[in-house]
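A quick write-up on the structure given underneath.
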Amino acid sequence: MLMAKMQSDFFRDVYEVVRLIPQGRVSSYGAIARYLGSSRGSRMVGYAMNAAHHQIPYVPAHRVLNRNGMLTGKHHFGDPDAMQKLLELEGIQVESDVVVNFEVLFWDPNIELKID
DNA sequence: CGATTGACGTACG
DNA sequence: TCGTACGCCAATC
């Protein structure tokens, strides 16, 4: 029975945090990784996103960008324009594969989910 | 089992 | 300021 633990707990936690990202807001791989305790595991977050497509419920991976606010993973959405389109549907302006006002729309779990 | 890769980030020149 | 090098850790070859 237990077909759980298909991925590491780290991955599962990544999905959970990504789902907590409000609509119209974005976050970064590094911020999530840091929130989970692996400040240098940013690559793992990106790798987790790679598998996020078959995760249920839906994981808004398009809200996760790199520290530069660039849509680095847009090529992994099937269509290169899909990620930008999803962001625009949430009212996020994207220009040259970069989110406009990224620092304003930036949603940092270390702050929003901060444990007192 | 070892080498390479990867949706990143930081350090260094 | 920009380009290159390296580290992180899991997955793939």
Side-chain angles (χ1 to χ4, degrees):
Chain A
M1 268 0 303
L2 297 177
M3 47 194 264
K5 287 194 76 94
M6 291 170 63
Q7 303 91 42
S8 301
D9 294 327
F10 182 80
F11 278 48
R12 220 180 6 167
D13 219 356
V14 171
Y15 302 140
E16 185 175 354
V17 174
V18 174
R19 290 191 202 109
L20 292 174
I21 301 174
Q23 188 177 24
R25 301 293 289 275
V26 293
S27 187
S28 66
Y29 305 100
I32 296 171
R34 191 167 121 171
Y35 174 72
L36 298 177
S38 298
S39 58
R40 287 145 189 154
S42 51
R43 306 190 87 175
M44 301 303 89
V45 176
Y47 208 94
M49 297 277 83
N50 193 4
H53 280 283
H54 19 137
Q55 295 304 320
I56 298 183
Y58 173 68
V59 178
H62 61 275
R63 295 178 192 158
V64 183
L65 313 170
N66 66 356
R67 157 186 172 351
N68 210 8
M70 184 177 179
L71 283 61
T72 50
K74 68 169 193 172
H75 198 67
H76 289 257
F77 277 77
D79 293 329
D81 295 334
M83 188 174 185
Q84 178 174 339
K85 207 165 193 177
L86 288 170
L87 290 172
E88 289 178 345
L89 288 174
E90 296 185 357
I92 299 175
Q93 293 179 318
V94 180
E95 198 171 302
S96 301
D97 297 334
V98 180
V99 172
V100 182
N101 297 329
F102 172 69
E103 47 182 89
V104 177
L105 300 174
F106 182 61
W107 184 84
D108 191 343
N110 296 287
I111 298 175
E112 305 294 340
L113 303 179
K114 180 170 68 175
I115 302 174
D116 190 13

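Please read all numbers here as calculations on a predicted model, not as lab measurements. For the numbers below, each heavy atom of this structure counts, side chains included, while hydrogens, waters and symmetry mates do not. Lettering of chains follows the sequences in order, A, B, ..., and the numbering in each one begins at 1.
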Which atom pairs, donor and acceptor, lie under 3.5 Å between side-chain atoms of residues 41-52 of chain A and protein residues at least two apart or in another chain?
none

- Message: Please report the distance separating the C1' of C:dC2 from the corresponding atom of B:dA7, rounded so that it comes out in whole Å.
- Response: 23 Å
- Message: Please report the distance, rounded to the nearest Å, between NE2 in A:His76 and C1' in C:dA11.
- Response: 14 Å
- Task: Count the heavy atoms of every other residue, nucleotide or ligand shown that sit under 6.0 Å from CZ of A:Arg25, and state whether that count exceeds 12.
- Result: yes
- Query: So, does the side chain of A:Tyr47 form a donor-acceptor pair with the base of C:dA11 at under 3.5 Å?
  - Reply: no
- What integer distance in Å separates A:Asp13:CG from C:dC9:C1'? 16 Å
- Query: Taking atom types as modelled, is there a side-chain donor on A:Asn110 or A:Asp108 under 3.5 Å from an acceptor on the other?
  - Reply: yes
- Heavy-atom check, side chain of A:Val64 versus side chain of A:Val14, under 4.5 Å: no
- Within the structure shown, what part of the strands sits under 4.0 Å from A:His62 by heavy-atom distance: base, sugar-phosphate, or nothing? nothing
- Note on the structure: Rounded to whole Å, the CD1-P distance (A:Ile32 to B:dA7) equals 16 Å
- Once you round it to whole Å, what is the distance between P of B:dG9 and CZ of A:Phe106? 9 Å
- Note on the structure: Between NE2 of A:His75 and C1' of B:dG6 the distance, given in whole Å, is 14 Å
- For A:Ala61, answer base if it contacts any base atom (sugar-phosphate contacts may also be present), sugar-phosphate if it contacts only those atoms, and nothing otherwise; contact means non-hydrogen atoms under 4.0 Å. base
- Taking CE from A:Met70 and P from B:dC8, how many angstroms apart are they, rounded to a whole number? 10 Å
- Item | Whole-Å gap separating C1' (B:dG6) and OH (A:Tyr29) | 11 Å
- Task: Run through A:Arg63, A:His76, A:His62, A:His75 and flag the one making a side-chain contact (heavy atoms from CB on, under 4.5 Å) with A:Met83.
- Result: A:His62
- If you round to the nearest 0.5 Å, how far is CG of A:Leu71 from CZ of A:Phe77? 8.0 Å
Under 3.5 Å, N/O pairs linking protein and nucleotides 3-8 of chain C:
from  : atom 1 : to      : atom 2 : distance (Å)
C:dG7 : O6     : A:Arg43 : NH1    : 3.3
C:dC8 : O4'    : A:Arg40 : O      : 3.2

- Could you work out which one of C:dA10, B:dG9, B:dA7 sits closest to the side chain of A:Phe11? C:dA10
- Message: Please determine whether a side-chain nitrogen or oxygen atom of A:Ser28 lies at a distance below 4.0 Å from atom OP1 or OP2 of B:dC8.
- Response: no
- Students should find that the hydrophobic cluster of A:Val98, defined by side-chain heavy atoms under 4.5 Å apart, otherwise consists of A:Met70
- Item | A:Arg67 side chain near B:dT10 phosphate (N/O to OP1/OP2, under 4.0 Å) | yes
- Query: If you look at every strand shown and take non-hydrogen atoms under 4.0 Å, does A:Asn66 touch a base, only sugar-phosphate, or nothing?
  - Reply: sugar-phosphate
- Query: For A:Asn68 and B:dG9, what is the distance between atoms CG and P respectively, to the nearest whole Å?
  - Reply: 8 Å
